[in-house]
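FYI, the numbering just counts along the sequence from 1. In what follows, every heavy atom counts, from backbone to side chain, and hydrogens, waters and symmetry copies are set aside.
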Amino acid sequence: IFIPTYKNQHLVISCVKTCLNQTYKNINVVVVDNGFSECGDSLHKELIQLDDDRLFYRPNPTNIELQGNFHLILSMASETSRFVVVPADQHLSNDCIETMILATEANPSANVVIAQTVIRDINDSDLTEDINTTEAALAWPHKNSESVSATKMLKYYFNFHNINSEWTHFTFIGALIDGALIKSMGISRPPLFYHGWEELISLLILSFSREVAIINKPLLILYTNNERLGWAARPILNYTRYEPVYAEYYFLENYEPMLIKRGLIPSYLYLNLIMKSLYTIIRYPGIMYTLIPKTFFSFLKVIVFKLPIDLIIIMFKKISYQLRRLY
């Protein structure tokens with residue numbers, strides 16, 4: 001379990017405790033401190049007091065910013081048999097890891113395991129891993145605990161249903177990579193953006209996965225309304241709406257051969273993304289206008305080239321299928 005942090009000492013200690021208190025004991029918890037150069041040994045001293053051999057502290061000698069810290073974690077995670085990235089403001093229920101491990105054993109082809117999340121306002125709630133039966137989990141589209149094709153999940157992410165380009169409408173708040181049990185990265189040096197890299201990393205992990213195990217039970221707790229410090233602070237002008245949409249364009253443009261191989265239709269994904277872009281530009285003006293040229297040229301490319309070609313391929317496949325049935 002990797003916990004990235006920057007000046008969130010009170011949250012980190014509580015988060016670490018929920019990780020160490022898991023019913024599944026065969027774990028290591030690694031706190032990667034990006035605020036060491038500014039805060040010194042204070043966090044380390046508190047972690048030592050927890051007195052647990054499974055707990056490791058990794059201070060960065062200098063502040064390598066948000067992307068650098070996560071990049072470091074993903075580099076370490078790529079060498080593990082399975083891992084979970086847990087932000088400091090996210091807690092795990094006592095049986096979280098055990099339930100996820102059981103899901104991987106029941107679904108050997110599942111590379112990713114995701115569960116529901118309970119949202120709490122940190123100003124009105126105590127920091128605890130206990131989830132009450134009366135607490136409602138964040139709404140998501142999955143009705144059952146099951147194994148779902150990663151290709152289906154990719155298609156669903158680009159669907160117009162996910163109009164805000166957020167994992168909130170897809171799985172749970174935040175990026176898929178936050179709080180999910182992942183067996184293999186499939187990539188060791190992922191490209192990073194400012195904040196929006198989470199969406200890109202999540203899409204890439206799905207691209208390198210066969211199935212996703214879904215647990216229709218709240219196992220994660222996210223404490224919202226925290227004070228965000230450093231580069232974790234939310235930028236102005238709705239930048240957090242711009243970054244995931246840009247990441248989606250980047251993903252489609254750079255990984256199209258992989259998507260075609262998985263049976264996805266690029267023009268379908270592009271058309272949904274274009275509609276979502278127009279919606280986002282209208283609803284969140286300002287920096288979103290930066291997407292206008294990309295959206296316009298993508299629309300031309302899809303209408304003039306991709307859509308006609310994809311339609312020809314679809315018709316060819318249908319005719320070939322019917323001929324095979326006849327002969």
Mind checking who shares a hydrophobic cluster with [X], ILVMFWY linked at side-chain heavy-atom distances under 4.5 Å?
X	result
I309	I313
I312	none
M315	none
I282	none

Cluster link [X] to [Y], ILVMFWY, side chain under 4.5 Å:
X	Y	value
M76	L204	yes
Y321	L326	no
L102	M100	no
L203	I260	no

Taking everything shown except [X] itself, do over 12 heavy atoms lie less than 6.0 Å from its [atom1]?
X	atom1	answer
F296	CZ	no
D51	CG	no
K25	NZ	yes
N132	CG	yes
F299	CZ	no

Parallel, tilted or perpendicular for F83 and F2, by the 30°/60° rule? perpendicular
Which word best sums up how the rings of H91 and Y223 line up, parallel for under 30°, tilted for 30 to 60°, or perpendicular for over 60°?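 Taking Y223 first and then H91, their aromatic rings stand perpendicular (interplane angle over 60°).
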I'd like to check [X] versus [Y] (side-chain heavy atoms, cut-off strictly below 4.5 Å). Are they in contact?
X	Y	value
V30	I1	no
Y268	D310	no
E253	Y270	yes
C39	K7	yes
Q116	H142	no
I114	L181	no

Electrostatic pair [X]:[Y] at N-O distance under 4.0 angstrom:
X	Y	result
E248	K294	no
K17	D52	no
E211	K152	no

Can you tell me if [X] and [Y] form a side-chain donor-acceptor pair at under 3.5 Å?
X	Y	result
Q22	N94	no
N69	Y6	no
N216	N144	no
T290	Y246	no

After noting the C-alpha distance and the side-chain angles of D95 and K217, does the key distance pass the salt bridge (Lys or Arg N to Asp or Glu O under 4.0 Å) rule? CA-CA 11 Å; D95 61 341; K217 173 185 176 182; 2.8 Å; yes
Straight-line distance of [X] [atom1] to [Y] [atom2], nearest 0.5 Å:
X	Y	atom1	atom2	value
E98	L219	CD	CG	10.5 Å
T280	M275	OG1	CE	11.5 Å
I182	S81	CD1	OG	13.0 Å
I287	E243	CD1	CD	9.0 Å
N63	S37	CG	OG	5.5 Å
L291	I274	CG	CD1	11.5 Å

Keeping [X] on the side-chain end and [Y] on the backbone end, is there a donor-acceptor pair under 3.5 Å?
X	Y	value
R54	L20	yes
D33	G35	yes
N60	T62	no

For R210, enumerate each residue passing the side chain to side chain donor-acceptor pair (under 3.5 Å) test, keeping only those at least two apart in sequence or located in another chain.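 Partners of R210 under the side chain to side chain donor-acceptor pair (under 3.5 Å) test: none.
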Please name the residue in the list V86, I221, N21 that meets the side-chain contact (heavy atoms from CB on, under 4.5 Å) test with L92. V86
Can K261 be said to sit on top of F208's aromatic six-ring, NZ or CZ under 6.0 Å from centre and within 45° of the ring axis?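 No, K261 and F208 do not form such a contact.
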Could you go through D178 and Q90, starting from their C-alpha distance and side-chain angles, then the distance that decides it, and tell me whether this counts as side-chain hydrogen bond (donor to acceptor under 3.5 Å, both in side chains)? CA-CA 9 Å; D178 289 348; Q90 189 176 64; over 6 Å; no
Give every residue pair that meets the side chain to side chain donor-acceptor pair (under 3.5 Å) criterion with at least one member in residues 99-114, sequence neighbours excluded. N111-S209
